[in-house]
Structure formats: C-alpha cells, structure tokens
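Each chain gets a letter, A, B and so on, in the order the sequences are listed, and its residues count up from 1. Computed from heavy atoms alone, side chains included, the values below leave out hydrogens, waters and symmetry copies. This one's a predicted model, so the numbers in the text were calculated from it and none came from an experiment.
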Amino acid sequence: MQSSAMLMPISRTHFVRTLKIFCKYYSSILNKNAISTMASSTSLSYTSRDLDPPFFIGETCKSMDQLKQIHCRTIKIGLTKQPIFLNKIISFCCINESGDMDHALKLFNQIPEPKSVFHWNTMIKGYSRIDRPKHGISMYLDMLKRNVKPDNFTFPFLLKGFNRNVGFSCGKELHGHVVKFGFASNAFVQNALIHMYSLCGQMEIARAVFDISCKMDVITWNVILTGYNRVKQYDETSKLFREMEKNGLIPTSVTLVSLLSACSKLRDLEIGKRVHKHIKKCEIEPNLILENALMDLYAACGEMDVAVGIFDGMKTRDVISWTTIVSGFVNKGEIELARNYFDQMPERDNVSWTAMIDGYIRVNCFKEALVLFRQMQASNIRPDEFTVVSILTACAHLGALQIGEWIKAYIDRNKVKNDVFVGNALIDMYFKCGSVAKAQRVFSEMPRRDKFTWTAMIVGLAINGHGEEALGMFSEMLRASIKPDEITYIGVLCACTHAGMVDEGRKCFASMTTEHGVEPNVAHYGCIVDLLGRAGHLQEACDVIKNMPMKPNSIVWGALLGGCRVHKDVEIAEMAAKQILELDPENGAVYVLLCNIYASCKRWDSLHELRESMMDRGIKKTPGCSLIEMNGVVHEFVAGDRSHPQSKEIYLKLDNMTSDLKLAGYSPDTSEVFLDIAEEDKESTLYWHSEKLALAFGMISSGPGVTIRIVKNLRMCVDCHRVAKLVSTLYDREVIVRDRTRFHHFRLGLCSCKDYW
DNA sequence: GTAGGGTTAG
C-alpha cells in the first residue's frame, strides 16, 4: 500500500464518520479506543466542506485514493482481519466507478476458502463493469470448479458484460447453465438473457425467451423493445408496444423513449404525437432523455419549429439535446442554422462534430467538411467510425487521396471500429481517387461484405476502365448469393458503357427482370441509352426511349445527346436538346453540349443563333473547375485562374510545357471551342483550361515520377486529354484525371479510357 | 449484511 502522504486528502469528518458507521454496526467487535486512536493518528489534511450523510464505504468514499487511505489506517489497527470489512472494500473496488479490479482481485484472493457465492458475484459484477467479460467468465468457471453453486444474481451480472466479441456461443452455453441450475423462470435472469441475445444480434432467440417469459414485468418489455431498436427493426418495436398496451402494462419513461426513437426512425409522426399527448396528459415528469427523444422525433420529421420549442423550454440540456437540433437542421439542408447552433454549443463531442461535418457533405461543401474535421482534431476530439466514414466520403468527392490515406492509417493505428460501412467508404474513396489496387486490397481484407460493398467494387472498377473485371465482380457477387438490387444494376450497366460492351449490356438489361426480378426504372433506361448512344447505336437508343414504359426524363435525353456529341449527329442532338429544354429550361449544360456539336460539325450559323439565345436567356456555362491535392491541402483552379499564390510560376510552367509538347508534335485541338473568335484566341482559351493549370501546378509542386491526380467537375475536353497523354510520356509522369463521369489514367502516352469517353 | 435487468443524438 502506498504511503498516505502520496494520496489525495480526505476530510477528517469524512474519515471519522466512516469509522463511526462501522462502529454503529459492529460495536461488538470494535472498542472505542481503537476508533479514537485511528481518528487522531491520521496525519492527513482536512477540508471543512460538508459531506453527504454517509452510510457505507461504497457511498462515503469518492475514489480509490480515499479508499486506500481508509484501508491503510484499518490495517494499522488490525481491522482488516474482520471479513465484513474486507467485503466492503472489495465491493467498493468492484462497484464504484473509480474502482480498481486488480486491487479487488488481490483482496479477493486473501479471503479464505470456501468463499461465499456473494464474493464471487461481486467479482463477476466488477469485471462486467469494466467490460472484461472474459475475466468474468473465468471467475465463474473457477467458482464452479470450487463447487460453489451460482444463484439468481450470478447470471445477470455475468451476462451484462457480454458483447458481440465474447459471442453468442458462450452466451448460449451459459443459457444452458441457467436452465440446469433452475433459474430459467427468474425474471431478472430472463431479462439478462434477452438483453444478451439482442446484443449479439440474435433477435429470434431473444424473442423466443421473451415469448416464454411471463411478460408481467415492464422491464422485460423494455429490454425486447430496445433489442428491436438496436437491430433497426423499428416496425417491430412499434408493433410490440401496441401488444404491450393490450396486455395492460403501464409504459415507463424508458418504454416511451424506445418507442419515440422507433417513431423517429420510421418518421411516424402520428404515433409520436400520440406519445407526446400521453406524456402531457399523464403528467409524466419530463426527464432529459425523454425530452431529447421527443425533440429527435420532431427533428427527424422535419418539424423543427416544434423541436426548437421543446429545446427552448428545457430546464437542462445536454450535448445530445444540442446535437439533436444541429442534425435536425442538417437534415433539412439548413446548414447555416445548424452551424449557428453548433457554434453556440457549450460542449461538443465526436457525435456533434460528425453531425456538423456530415451536414457540409450533404450540401456538397466537401472542403468545409475537411476544415471542420481539422478543427475537431485540434479540439482533441477523437474521430470514430461515423466520423471517418464522413471524412472518407469528402475525400472521395474531392479526390483527396493523401487525406484518405491518412484516415486509413488512423483507423488501423487507433483501432477505430472497422465495420462494413468503413470498408465500403474506403473502397469508394480509393476508387474515386483512382487507386484501384488499394481499393481491391481493402475489399479482399473485409471480413463482412454487403451489397453496397459489391456495388462499390463494380462501379469503381468500371469508372477506372476495368469493365471486364467489373462484370467478373458481378458474377462473383451472384455466386456469393448476394441479391443484386436496382443500384447494383446501375453499376453493371455503367460498367458495360465504360468498356463499350454493348452486347453484354443488352443482355444484363434484359436479365434484370427475368432473372432477378428487378424492374428497370428511369435511371436504368438512362444507362442503356448511354451505352447504345456512346457506342454509336443512336437509332436503337431512340427506339428504346420511344418504347420505355415511363416518361423519359432529362437524364435519359441527356444520355442520348452525349452520344450525339461523340458521333457528331446534329439531327438527333437537336431533337434531344429540344426535349430536355422542355423539361428543364434552365439546363445550361444542354446548350453547351449542343454548341460543342455545332462547332465540331462546323455548323457556324446554328452555333451563332444558339449563342444568342443563350445570352438572351442569361444562361451561362458551368465554369470548369479542377481540384488537386498537394500535401493534404486541396487546391482549386477555374479556367484562366490567376488567384493562386504561385500563379506566376504556374503559367510559366504551362508555357514551357506547351513548347515542349509542340516540339513533340502537339497541335491544339480547337474543334470543340465554340466561341466566335480568331483561331489563335481559341488556342489560348484551351490553354487556360483548369485541368491544364492544375497539371502545371502538380508538375512544379511534386518531385519527378510522382503521380499527379486531378479531379475535374465537367467532362475532360479533347485537347486536355491529348495534352495529358503527351505529358505522361514526355515527362514520364503518371497523370490521373477524374472527370464528371469516369477516370482517365494516363501512362506512357496512353489513356485507360482507350479514348472512349 | 448484501448485490440484479431497460432509455436519447451522427
């Protein structure tokens, strides 16, 4: 035991009162002299503050330090010989929040055999408290070995510490012991069993235990309701609640919280409002958790006025109350209001930070999301699996591979729960940063895969130019008995499109209904029109549109227009553009595409007319914009941009590069420039394209041989594509450009898209 | 002498 001088002081009153309690209960074993000796022999410093009326060590002691001081004194006067005193100390170590289980075990081992089941139970409870279920189990086995029989307390203590890792097999075996020792009809034990099974995700077995229980206990119902909430079967929660009412049980506030939580997830405002009325009518004391749950219901259903009303009326608020309001506004896309509340929060935890980061992602403000993430780290709040999924999503959109890699390392280093969501987000991030091999590696290491995992692989491989492998993945997915859904088929059709596999695409489109019962929706028709159009089967694409069972939307017509651009078909293009503008008159991209087509077909009159009508209507081209990440910072360029601090060097580099390329035989491709200007000016327009600026910046900011990765918001133009190919061979640099629809991996003068995009 | 089961936010 440490010397008392090293320990935190306890008050004299505190110490004496603790001893007096013992005196009161065990006066026969203590003499008054011993007490006064103990009291006066203490050399500790005292404080004069009042303490709560103490009853036992467990309630008077505030910490292990205080406990050790008392223990130290009692050793001096020989009190520890009394088993009752030892029990108290062990109980404290096991039950108290600051209790020390190593210390408890040392004292436990000092108790002479045979130890009572009470002692064993206390130790088991302690191990559950500190989340060491395995220690609890070995305690229990040890107890059986010494022929001590468990009682009705043993199993609830033991089971409480169980989690998914200790597993379901162990829980099932223990269930056998429960039956064998005759506690199967004990309500406490039943509740603990239901809880354990639902923690392991075994709701069917949990339900079986529930069904044979006497169902007289509200808590049994509460356990099963939370179980269904945990596995996200919210409709079952709602159903069981109605059954509970039928059985005449009075819900507690815990029941109502569970029900409200389910209503919130189901967006069931009607039942939710009934609960709210019930709370008011029955004058149920609105505790903090219940108010938070009510607020969440209204926030989830978009009724922010009501949610804020509850928030304003709350006597006390915790971090959850604030976060609920923040995420309520996030859900409505009201990012500024969300941020306003976020900034006012008295404290923020990882959930609040993640909610706000997620808010920026939902409104496509990915850079803002990363900025907030840096602030979160600066505040020493640890990211968890939700946070990393959000940040990886932002990285995927921005093509920020370095930050993404950093997150991957963080996950491995800090043992962030690497669940299927995290795996899927990593796969998506790697693919959208053009890192095919790394995405495949994450996939191969995933212990569990869901249909999102497979879909991410199919789409990822497809956009990176590995169409055949993408279809291979699809077959593998079917072999693994994962049922494809409509999203999977979008991926499959997209794979066929990028690889130009027209026959495969037609077959897949036909088999989705016949073999997997997935009815094609308008998006699938968009894919098949894209597939046919790009491959030059424009008439067939038109026929598909004519015969589709629903009204084609602007995306379907847009796909046809895209095909017309590749194959320079002015007639069909004009028809498609007309259809789009009827559906979506403000669609600037359509004008631009049609301009491109007129320019490349040299239809100058039509081009001129279209340009005029664009100006009249005030329609502007979406400015091209390229992102490049350098040392964890994302740089953004728009065409003709001179705002970058290294702008001078960038343009100088671009000059040099262009000279080099011209020597190597490059001539600018101005065919798609539709501005009514002189030929030299067309060249300089091309020359300012944002991806060229980003490319030049990449060249001057990274060492030789380093891969340059660029993300572009629009489709790459023919000229930039040509330049990137030449750069990749002339300077021996791999260049990866992600455009609006796919990747271009430039290596040794060739592109992975095989010039098909 | 003594210890047991349930709840909210991303």
Q: Side chain of A/Ile95: nearest nucleotide among B/dA3, B/dA9, B/dT7?
A: B/dA3
Q: Just how far, in rounded Å, is P of B/dT8 from CG of A/Leu259?
A: 12 Å
Q: Mind calculating the distance between CG (A/Leu256) and P (B/dT7) to the nearest angstrom?
A: 14 Å
Q: If the condition is side-chain hydrogen bond (donor to acceptor under 3.5 Å, both in side chains), which residues does A/Arg382 pass it with, not counting sequence neighbours?
A: A/Asn414
Q: Can you identify which nucleotide, out of B/dT8, B/dT7, B/dG6, has its nearest atom closest to the A/Thr252 side chain?
A: B/dG6
Q: Have a look at A/Asn287 and say if it touches a base, only the backbone sugar-phosphate, or nothing, with a 4.0 Å heavy-atom cut-off.
A: nothing
Q: Could you tell me the separation between the NZ atom of A/Lys232 and the C1' atom of B/dA9, rounded to a whole number of Å?
A: 14 Å
Q: OP1, OP2 of B/dT7 versus side-chain N and O of A/Arg230: anything below 4.0 Å?
A: yes
Q: Using a 4.0 Å heavy-atom cut-off across all strands, classify A/Asn186 as base, sugar-phosphate, or nothing.
A: base
Q: What's the closest nucleotide to the side chain of A/Thr324 if the choices are B/dA3, B/dG6, B/dA9?
A: B/dA9
Q: Going by the ring-ring contact (aromatic ring centres under 6.0 Å, His included) test, which pairs reach into residues 250-279 of chain A, not counting sequence neighbours?
A: A/His276-A/Tyr298
Q: Rounded to whole Å, please give me the gap between CH2 in A/Trp120 and P in B/dG4.
A: 20 Å
Q: Send over the distance from A/Asn152 CG to B/dG4 C1', rounded to a whole Å.
A: 8 Å
Q: Given the ring of A/Phe108, does A/Lys115 sit roughly above its face, with NZ or CZ under 6.0 Å from the centre of the six-membered ring and within 45° of the axis?
A: yes
Q: Counting heavy atoms from C-beta on, name the nucleotide in B/dA3, B/dA9, B/dG10 closest to the side chain of A/Asp358.
A: B/dG10
Q: I'd like to know whether A/Arg362 forms a salt bridge (charged side-chain N to carboxylate O under 4.0 Å, His left out) with A/Asp358, so could you lay out the CA-CA distance, the side-chain angles of the two residues, the decisive distance to 0.1 Å, and finally the verdict.
A: CA-CA 6 Å; A/Arg362 294 223 209 153; A/Asp358 195 47; 3.3 Å; yes
Q: What's the closest nucleotide to the side chain of A/Ile289 if the choices are B/dG10, B/dT7, B/dA3?
A: B/dT7
Q: Compile the donor-acceptor pairs under 3.5 Å between side chains in residues 386-398 of chain A and protein atoms, sequence neighbours left out, one pair per line.
A:
residue	atom	partner	partner atom	Å
A/Thr387	OG1	A/Thr354	OG1	2.9
A/Thr387	OG1	A/Asp384	N	3.1
A/Thr387	OG1	A/Asp384	OD1	3.0
A/Thr393	OG1	A/Val389	O	2.7
A/His397	ND1	A/Thr393	O	3.1

Q: What integer distance in Å separates A/Leu288:CG from B/dA9:P?
A: 13 Å
Q: In this structure, how many angstroms lie between the P atom of B/dG6 and the CD1 atom of A/Ile224, rounded?
A: 13 Å
Q: Answer yes or no: does a side-chain N or O of A/Lys88 lie under 4.0 Å from OP1 or OP2 of B/dA3?
A: no
Q: Show every donor-acceptor pair shorter than 3.5 Å between a side-chain atom in residues 135-145 of chain A and any protein atom, with sequence neighbours excluded, or say none if there are none.
A:
residue	atom	partner	partner atom	Å
A/Ser138	OG	A/Lys134	O	3.3
A/Ser138	OG	A/His135	O	3.1
A/Tyr140	OH	A/His177	ND1	2.6

Q: Got a sec, which residues hit salt bridge (charged side-chain N to carboxylate O under 4.0 Å, His left out) with A/Lys160, two or more places apart in sequence or on another chain?
A: none
Q: Can you list, by residue number, the residues of residues 374-394 of chain A that have a non-hydrogen atom closer than 4.0 angstrom to DNA chain B?
A: A/Asp384, A/Phe386, A/Thr387
Q: Take atom CZ of A/Phe153 and atom C1' of B/dA3, then tell me their distance rounded to the nearest Å.
A: 5 Å
